[in-house]
Amino acid sequence: TEKIGFTEVEKQEMNNQVLSIELALNETSDCHLVLFNRSIVEEMSGGISLGTPSILFGSYDIDTMRSTLIAKGVTVGKIMEISSRTFNFADVEGNYFAVEEINS
């Protein structure tokens with residue numbers, strides 16, 4: 001929420017721990033992202049893959065998004081031209097995700 005600008009839609013707690021947080025880019029967004037507490041998922045769901053998922057974010061203004069992440073101290077890669085302009089960034093656990101430019 002502080003680094004990318006997501007809005008917290010809902011937080012669920014279980015046994016005094018955060019179970020999940022639902023995020024959206026704003027209150028009217030059609031796309032929501034739900035993040036689950038890994039340690040609780042490990043306890044409850046034997047056999048579920050806990051590896052980092054591949055998530056590709058899209059941005060209509062990739063330059064501003066990249067600059068904003070850098071200003072907030074996020075580890076960010078350079079913009080590369082693959083099939084479109086793309087860069088990657090790391091979360092606080094060192095997992096990398098990609099951002100692809102969306103042409104309007």
Side-chain angles (χ1 to χ4, degrees):
T1 58
E2 295 171 11
K3 303 226 178 179
I4 295 182
F6 283 111
T7 299
E8 185 179 305
V9 176
E10 182 179 357
K11 182 187 290 185
Q12 293 186 357
E13 295 186 12
M14 176 185 212
N15 300 328
N16 296 322
Q17 293 184 27
V18 174
L19 173 61
S20 66
I21 298 175
E22 182 177 351
L23 305 170
L25 287 176
N26 57 53
E27 289 86 24
T28 61
S29 178
D30 290 333
C31 182
H32 291 202
L33 180 66
V34 180
L35 303 174
F36 288 89
N37 181 322
R38 181 181 291 205
S39 62
I40 293 175
V41 172
E42 285 175 337
E43 290 174 20
M44 295 174 54
S45 304
I48 194 168
S49 174
L50 297 172
T52 304
S54 295
I55 298 175
L56 174 64
F57 294 90
S59 175
Y60 290 107
D61 188 353
I62 195 170
D63 297 300
T64 299
M65 182 173 187
R66 184 175 179 275
S67 296
T68 300
L69 291 174
I70 290 169
K72 293 181 179 183
V74 176
T75 300
V76 177
K78 62 183 177 182
I79 293 177
M80 301 180 344
E81 183 76 38
I82 302 173
S83 59
S84 62
R85 294 176 69 219
T86 307
F87 72 90
N88 63 17
F89 68 94
D91 67 10
V92 296
E93 295 176 339
N95 301 303
Y96 278 84
F97 303 95
V99 178
E100 179 178 53
E101 185 172 49
I102 299 170
N103 295 316
S104 52

Asks: Does Asp91 reach the main-chain N or O of Glu93 with its side chain, forming a donor-acceptor pair under 3.5 Å?
Replies: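 At least one qualifying donor-acceptor pair exists.
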Asks: In Å and rounded to the nearest 0.5 Å, what is the CG to CD1 distance from Asn103 to Ile62?
Replies: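 With rounding to 0.5 Å, CG (Asn103) is 10.0 Å from CD1 (Ile62).
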Asks: Quick check for you: to the nearest 0.5 Å, what is the distance between Leu23 atom CG and Glu8 atom CD?
Replies: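 Answer for the CG-CD pair, Leu23 versus Glu8, is 7.0 Å.
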Asks: Give the minimum heavy-atom separation between His32 and Val9, together with the two atoms involved.
Replies: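 Where His32 meets Val9 most closely, the heavy atoms are CE1-CG2, 3.9 Å.
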Asks: May I have the step-by-step check of side-chain contact (heavy atoms from CB on, under 4.5 Å) for Lys11 and Val18, ending in yes or no?
Replies: CA-CA 7 Å; Lys11 182 187 290 185; Val18 174; 3.9 Å; yes
Asks: Show the atom names and distances, to 0.1 Å, of all donor-acceptor pairs under 3.5 Å that link a side chain in residues 70-86 to residues at least two apart or in another chain.
Replies:
unit_1 : atom_1 : unit_2 : atom_2 : d
Lys72  : NZ     : Glu2   : O      : 2.9
Ser84  : OG     : Glu100 : OE2    : 2.9
Arg85  : NH1    : Asp63  : OD2    : 3.2
Arg85  : NH1    : Glu101 : OE2    : 3.2
Arg85  : NH2    : Asp63  : OD1    : 2.7
Arg85  : NH2    : Asp63  : OD2    : 3.4
Thr86  : OG1    : Ser84  : O      : 3.1

Asks: How about Ile4 and Met65: do any of their side-chain heavy atoms sit closer than 4.5 Å?
Replies: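 In contact.
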Asks: Specify whether Phe97 and Phe57 have parallel, tilted or perpendicular ring planes, treating 30° as the upper limit for parallel and 60° as the lower limit for perpendicular.
Replies: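 Geometry flag for Phe57 against Phe97: perpendicular rings.
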Asks: Who are the side-chain contact (heavy atoms from CB on, under 4.5 Å) partners of Ser20, not counting sequence neighbours?
Replies: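 Ser20 satisfies side-chain contact (heavy atoms from CB on, under 4.5 Å) with Gln12, Val34, Phe36 once adjacent residues are dropped.
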Asks: Ile21, Ile55: one ILVMFWY side-chain cluster at the under-4.5 Å cut-off?
Replies: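 Yes, same cluster.
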Asks: Would you kindly confirm whether Leu35 and Leu25 end up in one hydrophobic cluster when ILVMFWY residues are joined by side chain heavy atoms under 4.5 Å apart?
Replies: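 Per the 4.5 Å side-chain linkage, Leu35 and Leu25 are co-clustered.
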Asks: Rounded to the nearest 0.5 Å, what separates atom CD1 in Ile102 from atom CG in Asp61?
Replies: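 Here the interatomic distance stands at 11.0 Å.
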